[in-house]
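One structure below.
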Amino acid sequence: MLQVQYIKENKEAVIAGLKKRFFDAEEPVERVLGLDDKRKSVQNKLDLSLAEQKKMAAEIGGLFKQGKGAEANDLKEKVSQMKNESKELTSELSQIAEDLQNELYNIPNVPHEKVVAGKSEDDNEVVLEVVDIPEMSDKALPHWEVAAKYDIIDFELGTKITGAGFPVYKGKGARYQRALINYFLDKNTEAGYNEFQVPHLVNEASGYGTGQLPDKEGQMYHSTVDNLYLIPTAEVPVTNMYRDKILKEEDFPIKATAYTPCFRREAGSYGAHVRGLNRLHQFDKVEIVQLQHPDKSWEALDAMVEHIKGILTELGLPFRILRLCGGDTGFTSAMTYDFEVWSAAQKRWLEVSSVSNFLTFQANRLKLRYTAKDGKRHLAHTLNGSSLALPRVLAALLENYQTENGVEIPDILKPYTRFDFID
RNA sequence: GGAGAAAUGGCAGAGUGGUCGAAUGCACUAGUCUUGAAAACUAGCGAGGGUCACACCUCCGGGGGUUCGAAUCCCUCUUUCUCCGCCA
């Protein structure tokens, strides 16, 4: 959620910036500013009325003490009338506040100036590409066939138990996945991220805090009996740990990492591109989150990109980094880098990480602030990224490391898997 | 799941209808003292809206109500604690 003050002071820049998303902000911005003015004037009217009422109430108290009951009763009647008036003002005010909030909820974050205009993924910029894509024979199998051949992932079994998109990992498949989780967490911890284990269900307030609600209600699994949501990403519980917090400047940076399963309804996805591990309803992910001083968040974003680059390099996977264009950048993000690994058998890029700087957009909803040296309070900046999402990494590892006799394990992972080969 | 108790500022903890946005202590910040630090002393010290700045308004777990007036009374939800039951 953008701040009204920010919109007011940077009206033209906001409108121009949002054009890069093909979001026409002109009218929403006008409505926001209009509602804000209205809010202030109604608030002011109400304040004056309440001040008067308070004064009179105090007088009544005094009159009673002096035993002037009759005069007190006269005053009482007067105040009662005023109260009715202010009741109307109160409901008017809360309506305005609600309208204003709804308007703000529907305005996406303003892309950073470096972000190019564009409508879809076709307009994303490739900022780095590791070119040495391995030559695979035509016999190279897509990961779902590799998985079936060595009996390490069972999609049908998951379908039986739950439904499509809930695979069962078996034997070395399960162990490989666990090894990857540990490896990722260790890498993150080494880089200064504090590890957390967090709830996998969150309440409504948390959903609003990170912006999944109200916009993406349909994408989360919802336990209606308890009104809890299954998390679509660890970002939700991890970031919400800091909801309604006022940090000290010296608390920065706060760096957190967590492994969680992620649950996504993915309503409307189907077809060849969702085969195998490419798109699941439940998958594992290790997430990194940073809370940063506003002066440091871009630096931090670069550091996160470097960090993930390091991991993919160690895994020996060909990858590229994209800076998403305006239209493809998530609603809450000001700039997002996507990491994609090359899937040798499918001959396509698979997204394995998405790293974003949200600036104050999330912090505003979260009421996540810090007290500056001068004693003033400001919103913090938040960032997050996947480090990394498991299924597609696993898919690429299975495809790229396959041989005629089995699947090799990258050296860096051998201490974690404690086996060298899948056959 | 049943019975009872409670929820107040960063923490602890007063306050049960009328200058209470809230005593006090700790913590914190600045200053005095000190070679420096500690101690002691002095001052400041919740959040949001609003204003050039004041004024002023809102907030004592959330929501609703009673009253001229509520942290204080009533309803409701949530959470925590104690006891009982159940259980990985």
Side-chain angles (χ1 to χ4, degrees), chain A residues 1-9 32-101 103-104 197-209 213-214 222-229 237 240-252 254 291 360 362-380:
Chain A
M1 184 167 63
L2 294 172
Q3 296 165 90
V4 176
Q5 195 59 25
Y6 178 83
I7 296 175
K8 197 184 239 172
E9 285 166 10
V32 164
L33 297 181
L35 282 166
D36 191 53
D37 284 343
K38 209 164 150 201
R39 195 201 95 235
K40 280 185 199 170
S41 79
V42 174
Q43 177 77 258
N44 193 255
K45 256 201 233 168
L46 177 64
D47 285 358
L48 290 175
S49 171
L50 288 174
E52 189 69 18
Q53 287 175 50
K54 280 177 80 164
K55 225 196 252 168
M56 288 167 96
E59 269 178 56
I60 290 169
L63 287 173
F64 271 125
K65 268 186 191 156
Q66 294 168 39
K68 298 179 181 168
E71 287 175 45
N73 282 326
D74 283 353
L75 260 184
K76 265 198 197 178
E77 207 156 306
K78 248 186 171 172
V79 180
S80 281
Q81 277 176 12
M82 292 189 70
K83 213 181 151 185
N84 286 331
E85 285 171 27
S86 61
K87 239 181 193 166
E88 277 173 40
L89 285 174
T90 304
S91 69
E92 190 182 344
L93 186 64
S94 63
Q95 185 60 52
I96 292 169
E98 198 188 316
D99 292 348
L100 179 58
Q101 178 139 80
E103 288 290 347
L104 288 170
Q197 288 192 5
V198 293
H200 299 164
L201 284 101
V202 294
N203 58 29
E204 234 179 353
S206 294
Y208 278 98
L213 295 173
H222 186 194
S223 168
T224 49
V225 201
D226 301 294
N227 198 23
L228 295 174
Y229 294 86
N240 271 286
M241 293 196 292
Y242 304 96
R243 171 154 45 90
D244 292 324
K245 278 258 183 198
I246 300 180
L247 303 165
K248 291 185 194 136
E249 202 159 357
E250 58 265 31
D251 292 336
F252 292 123
I254 290 179
L291 312 188
T360 59
Q362 278 188 333
N364 193 25
R365 278 200 195 182
L366 290 162
K367 295 201 179 65
L368 166 54
R369 291 158 295 171
Y370 70 96
T371 307
K373 295 248 158 58
D374 62 6
K376 294 216 175 92
R377 268 155 300 279
H378 307 278
L379 293 171

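Since we're looking at a predicted model, the values are computed, not measured. Every chain is numbered from 1 and lettered A, B, ... according to where its sequence line falls, protein lines coming before strand lines.
Annotation: rU72(B) and rU66(B) have their P atoms spaced 15 Å apart (nearest Å). Rounded to whole Å, the P atom of rG21(B) lies 15 Å from the corresponding atom of rA55(B). Atom name C1', nucleotides rA14(B) and rC83(B): the rounded distance is 28 Å, in whole Å. Of the P atoms belonging to rG18(B) and rU8(B), the separation is 22 Å, rounded to the nearest Å. Across the P atoms, rU19(B) and rG13(B) are found 25 Å apart, a figure rounded to whole Å. The same atom, C1', is picked in rC41(B) and in rU34(B); the two are 13 Å apart, to the nearest Å. Only the C1' atoms considered, rA71(B) is 11 Å distant from rG17(B), to the nearest whole Å. Distance noted for atom C1' between rG62(B) and rU78(B): 7 Å (whole Å).
Proximity of Arg39(A) to the phosphate of rG50(B): a side-chain N or O atom is located under 4.0 Å from OP1 or OP2.
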When you check every protein heavy atom under 4.0 Å of nucleotides 63-77 of chain B, what one-letter string (B, S, -) results, 5' to 3'?
----BBS--------
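Judged by distance alone, the side chains of Gln81(A) and Glu85(A) never bring a donor and an acceptor atom under 3.5 Å apart.
In this entry the distance linking OH of Tyr370(A) with C1' of rA47(B) reads 17 Å, nearest Å. Atom C1' of nucleotide rG48(B) and atom NZ of Lys376(A) are separated by 16 Å, given to the nearest angstrom. Rounded to whole angstrom, the span from the CG atom of Leu35(A) across to the P atom of rG49(B) amounts to 17 Å. Arg377(A) places its CZ atom 7 Å from the C1' atom of rA47(B), with the value rounded to the nearest Å. Summarising the geometry, the separation between CG on Leu93(A) and P on rG48(B) is reported as 18 Å, rounded to the nearest angstrom.
Pair assignment for rU78(B): rA7(B), on the basis of Watson-Crick or G-U wobble contacts that are both within less than 3.5 Å. For rU51(B), there is no paired base (Watson-Crick or G-U wobble, both distances below 3.5 Å).
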Atom pairs and distances, donor-acceptor, side-chain atoms in residues 242-250 of chain A, under 3.5 Å, two or more places apart:
from      : atom 1 : to        : atom 2 : distance (Å)
Arg243(A) : NE     : Asn240(A) : OD1    : 2.8
Arg243(A) : NH2    : Ser206(A) : OG     : 2.9
Glu249(A) : OE1    : Lys373(A) : N      : 2.7
Glu249(A) : OE2    : His293(A) : NE2    : 3.1

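Arg39(A) meets the salt bridge (charged side-chain N to carboxylate O under 4.0 Å, His left out) test with Asp36(A); sequence neighbours excluded. Applying the side-chain contact (heavy atoms from CB on, under 4.5 Å) criterion to Asn84(A), with sequence neighbours excluded, gives no partner residue. Taking Glu92(A) as the reference, nothing meets the side-chain hydrogen bond (donor to acceptor under 3.5 Å, both in side chains) condition, with sequence neighbours excluded. Applying the side-chain hydrogen bond (donor to acceptor under 3.5 Å, both in side chains) criterion to Asn227(A), with sequence neighbours excluded, gives Glu204(A), His222(A). With sequence neighbours excluded, no residue satisfies side-chain hydrogen bond (donor to acceptor under 3.5 Å, both in side chains) with Glu77(A). Applying the side-chain contact (heavy atoms from CB on, under 4.5 Å) rule to Asn73(A) yields the partners Phe64(A), Lys76(A); only residues at least two apart in sequence or on another chain are considered. Partners of Gln3(A) by side-chain contact (heavy atoms from CB on, under 4.5 Å), not counting sequence neighbours, listed by chain and number: Tyr6(A), Thr360(A), Asn364(A), Leu379(A).
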Quick test: give all pairs of protein nitrogen or oxygen and nucleotides 26-30 of chain B nitrogen or oxygen below 3.5 Å, distance rounded to 0.1 Å.
none

Tabulated below should be each protein N or O lying under 3.5 Å from an N or O of nucleotides 54-62 of chain B; please produce it.
from    : atom 1 : to       : atom 2 : distance (Å)
rC57(B) : O2'    : Asp47(A) : OD1    : 2.8
rU58(B) : OP2    : Lys54(A) : NZ     : 3.1

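Within the structure, the side chain to side chain donor-acceptor pair (under 3.5 Å) test picks out the following pairs touching residues 44-60 of chain A (sequence neighbours left out): Ser49(A)-Gln53(A), Gln53(A)-Ser86(A).
The two residues Leu2(A) and Leu104(A) have their closest heavy-atom pair at O-CD2, 3.7 Å.
Within the 4.5 Å cutoff, no side-chain heavy atoms of Leu228(A) are placed close to those of Val202(A).
Residue order along RNA chain B, read from the 5' end via each residue's closest nucleotide, puts Thr371(A) first among Lys40(A) and Thr371(A).
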